[in-house]
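See below for the structure under consideration.
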Amino acid sequence: MLDIKMIRQNEDEVKERLATRGVKAEKIDELLAADKKRRELVVESETLRQQKNEVSEAIAQAKRNQQDASQQIARMKKVGQQIKELENNLKEAQTKVEYIASRLPNLPNPSIPVGPDESFNVELKKIGTPRKFDFTPKPHWEIGEKLGILDFARGAKAAGSRFVYYKGLGAKLERAVYNFMLDEHTKEGYTEILPPYIVNNASMYGTGQFPKFKEDVFQVEGQDMTLIPTAEVPLTNYYRDEVIPTEQLPVYFTALTPCFRSEAGSAGRDTRGLIRMHQFNKVEMVKYCKPENSYNELEKMTKNAGNIMEKLGLPYHIITLSTGDMGFSAAMTHDLEVWIPAQNMYREISSCSNCEDFQARRAHIQYRDKNGKLRYVHTLNGSGLAVGRTVAAILENYQNQDGTVTVPEVLRPYLHGLEVIK
RNA sequence: GGAGAGUUGGCAGAGUGGUAAUGCACCGGACUCGAAAUCCGGCGAACCGGUCUAUACCGGCGCGCAGGUUCAAAUCCUGUACUCUCCUCCA
């Protein structure tokens with residue numbers, strides 16, 4: 001959520017910067033008009049309330065002195081009606097302001113590339129060299145099915161499309177991968193969390209998924225419960241409606257959770273394999289920090305994600321997302337994309353974002369600055385990494401001509417020394 | 001799933017229709033070489049609005065949340081969330 005006062009004071013700049021994210025200037029005009037109306041109504045109704053309080057006090061006095069107050073009571077009866085009407089209008093105006101404001105995305109950081117879509121993303125760095133195959137590399141689903149470690153057909157039977165069974169060494173490989181990731185992040189100072197996998201609407205609002213993106217998630221019918229689309233939601237809402245003691249900042253959390261996404265609107269894309277599932281595991285990193293440190297923290301978080309791939313020996317590159325490709329709550333996002341040989345391209349495996357105070361304002365997460373004043377913290381989140389996609393990348397990058405898959409060194413301790421999946 | 005109790009300022013804790021006691025904490029002052037103790041005064045979050053940018057003042061809101069009754073609600077009514085206890089069930 002953007003600060004409405006800030007928008008009031010920097011109208012032109014806000015319009016300009018939000019335009020790069022596809023928000024029309026008229027939206028801001030509409031918002032400010034509604035806000036003006038709202039403030040006018042506030043003044044009106046508060047004036048009446050003040051009057052009400054004063055007269056009520058007089059009535060109380062009169063009653064105490066056993067005097068007649070029927071005249072004042074009659075007068076207040078009318079004022080009460082007026083207040084009620086005014087406040088109905090006020091509520092309407094307030095609802096309108098909130099409706100628009102809660103659907104405005106974060107202001108993009110001025111340094112990021114401006115453009116309407118992913119073609120304007122900028123590559124920062126390439127790490128590792130894609131392996132040269134002396135045979136045609138197979139897609140990971142073929143490798144997995146052949147080895148009997150992935151079963152998409154039965155996933156579809158039991159649950160539907162975009163679901164999968166991992167079996168035997170497949171399940172063990174997945175477990176090895178996320179245990180490895182959690183261990184690495186813990187070494188970097190992240191506290192491991194095992195959060196709820198279902199959250200309420202207030203939490204979904206706090207991180208910015210609601211109200212705008214309800215179609216993207218699975219909700220429990222008739223209940224205030226949503227299956228988390230990412231651990232970012234429970235991890236960031238951990239401190240919702242709290243003031244974090246300043247000496248505890250920065251706070252680093254990491255968690256492995258399943259993520260549930262409806263994938264509405266992505267029909268036909270990545271229909272095969274592990275890339276786009278309704279349920280997948282992800283190790284997430286979340287940070288809370290002081291505003292002045294958040295961009296430094298973003299760089300460190302991006303490194304933490306990259307570190308995992310480097311240790312796994314997976315080639316990847318880092319890109320900075322353009323204004324048009326960024327998520328709703330982010331001010332700046334670095335995506336890490338891993339090399340997928342069968343597709344001959346890099347595919348997203350991590351997304352690290354600085355949300356600045358956008359989520360903190362929605363979720364009321366504060367700290368006290370040097371002067372003891374309450375300020376919003378900055379929140380960051382990043383995948384470290386998407387586990388299913390990591391398994392896909394391992395299967396493809398480490399495949400052998402005979403259909404077996406070599407286990408990356410760093411994972412062998414997690415698999416009792418296993419060197420090859422066959 | 002059933003029954004009961006609870007939710008008030010940073011904490012503790014009164015208040016059952018007339019506009020939030022008190023204690024601790026906190027801030028200022030006195031006393032003191034200084035501190036503690038004591039005394040005096042102040043303060044009760046956050047939030048919203050106005051003056052308009054002082055760094056203050058005024059007002060609103062505010063007793064879990066949302067409604068309702070009333071001239072007036074922490075107090076009465078309805079709904080709801082959460083916590084605790086007991087029963088039931090269960091991994």
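Letters go in sequence order (proteins before strands), and every chain restarts at 1.
A:K15 has a carboxylate O that lies under 4.0 Å from a charged side-chain N of A:D29, or vice versa, which qualifies the two as a salt bridge. For A:E142 and A:K146, the salt-bridge test fails: no basic side-chain N is under 4.0 Å from an acidic carboxylate O.
Taking A:R154 as the reference, A:D151 meet the side chain to side chain donor-acceptor pair (under 3.5 Å) condition, with sequence neighbours excluded. Applying the side chain to side chain donor-acceptor pair (under 3.5 Å) rule to A:T226 yields no partners; only residues at least two apart in sequence or on another chain are considered.
Within the 4.0 angstrom heavy-atom criterion, base atoms lie near A:K63. Using a 4.0 Å heavy-atom distance criterion, A:R375 is classed as making no nucleic acid contact. Counting non-hydrogen atoms under 4.0 angstrom, A:N200 reaches nothing in the nucleic acid.
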Practice prompt. With side chain to side chain donor-acceptor pair (under 3.5 Å) as the test, would you mind laying out the steps for A:S203 and A:N200 before giving the verdict?
Written response: CA-CA 6 Å; A:S203 292; A:N200 56 28; 3.1 Å; yes
Item to complete: Quick one: do A:E184 and A:K187 satisfy salt bridge (charged side-chain N to carboxylate O under 4.0 Å, His left out)? Show the steps, please.
Response: CA-CA 5 Å; A:E184 287 296 311; A:K187 275 189 236 165; 3.0 Å; yes
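Read 5' to 3', the first and last nucleotides of RNA chain B with an atom closer than 4.0 Å to a heavy atom of chain A are B:G18 to B:C71.
Contacts between residues 78-103 of chain A and RNA chain B, counted as heavy-atom distances below 4.0 Å, involve A:K84, A:K91. Using a 4.0 Å cutoff on non-hydrogen atoms, the parts of residues 32-40 of chain A near RNA chain B are A:R38, A:R39, ordered by number.
Here, B:C58 and B:G6 have their P atoms 38 Å apart, quoted to the whole Å. Taking atom C1' on both nucleotides, B:G62 is separated from B:A74 by 11 Å, rounded to a whole Å. B:A21 and B:G79 are spaced 32 Å apart, taking the P atom of each and rounding to whole Å. With P as the reference atom, B:A45 and B:C61 are 14 Å apart, rounded to whole Å. Only the P atoms considered, B:U22 is 36 Å distant from B:G4, to the nearest whole Å. Spacing between B:C47 and B:A35 at atom P, rounded to whole Å, works out to 34 Å. Straight-line distance between the C1' atoms of B:U7 and B:U80: roughly 14 Å, to the nearest whole Å. For the C1' atom pair drawn from B:G29 and B:C11, the interatomic distance equals 26 Å after rounding to whole Å.
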Worksheet item: For RNA chain B, what is the dot-bracket line, given that a base pair needs Watson-Crick (N1 to N3, plus N6-O4 or O6-N4) or G-U wobble (N1-O2 and O6-N3) geometry with both distances under 3.5 Å, and | means paired with another strand?
Response: ((((((((.[[[..)..(...]]].(((((.......)))))....(((((....)))))...[[[[[..)....]]]]])))))))....
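Judged by distance alone, with hydrogens and angles left aside, the side-chain atoms of A:D224 form a donor-acceptor pair with the main-chain N or O of A:N201 at under 3.5 Å. Of the possible polar contacts, one joining the A:R389 side chain to the A:I275 backbone as a donor-acceptor pair under 3.5 Å is found.
Nearest-nucleotide positions on RNA chain B place A:D3 closer to the 5' end than the other of A:D3 and A:I59. Comparing A:R8 and A:M76 by the nucleotide of RNA chain B that holds the closest heavy atom to each, the one mapping nearer the 5' end is A:R8.
Once rounded to the nearest 0.5 Å, the distance linking CG of A:L31 with CD of A:E26 reads 13.0 Å. The NZ atom of A:K138 sits 14.5 Å away from the NE2 atom of A:H140 when rounded to the nearest 0.5 Å. To the nearest 0.5 Å, atoms CD (A:E40) and OG (A:S45) are separated by 12.0 Å. Once rounded to the nearest 0.5 Å, the distance linking CZ of A:F180 with OH of A:Y414 reads 6.5 Å.
The aromatic rings of A:Y239 and A:F253 sit parallel to each other, their planes meeting at less than 30°, with 60° as the upper class boundary. Using bins of under 30°, 30° to 60° and over 60° for the plane-to-plane angle, the ring pair A:Y346/A:W339 lands in the perpendicular bin.
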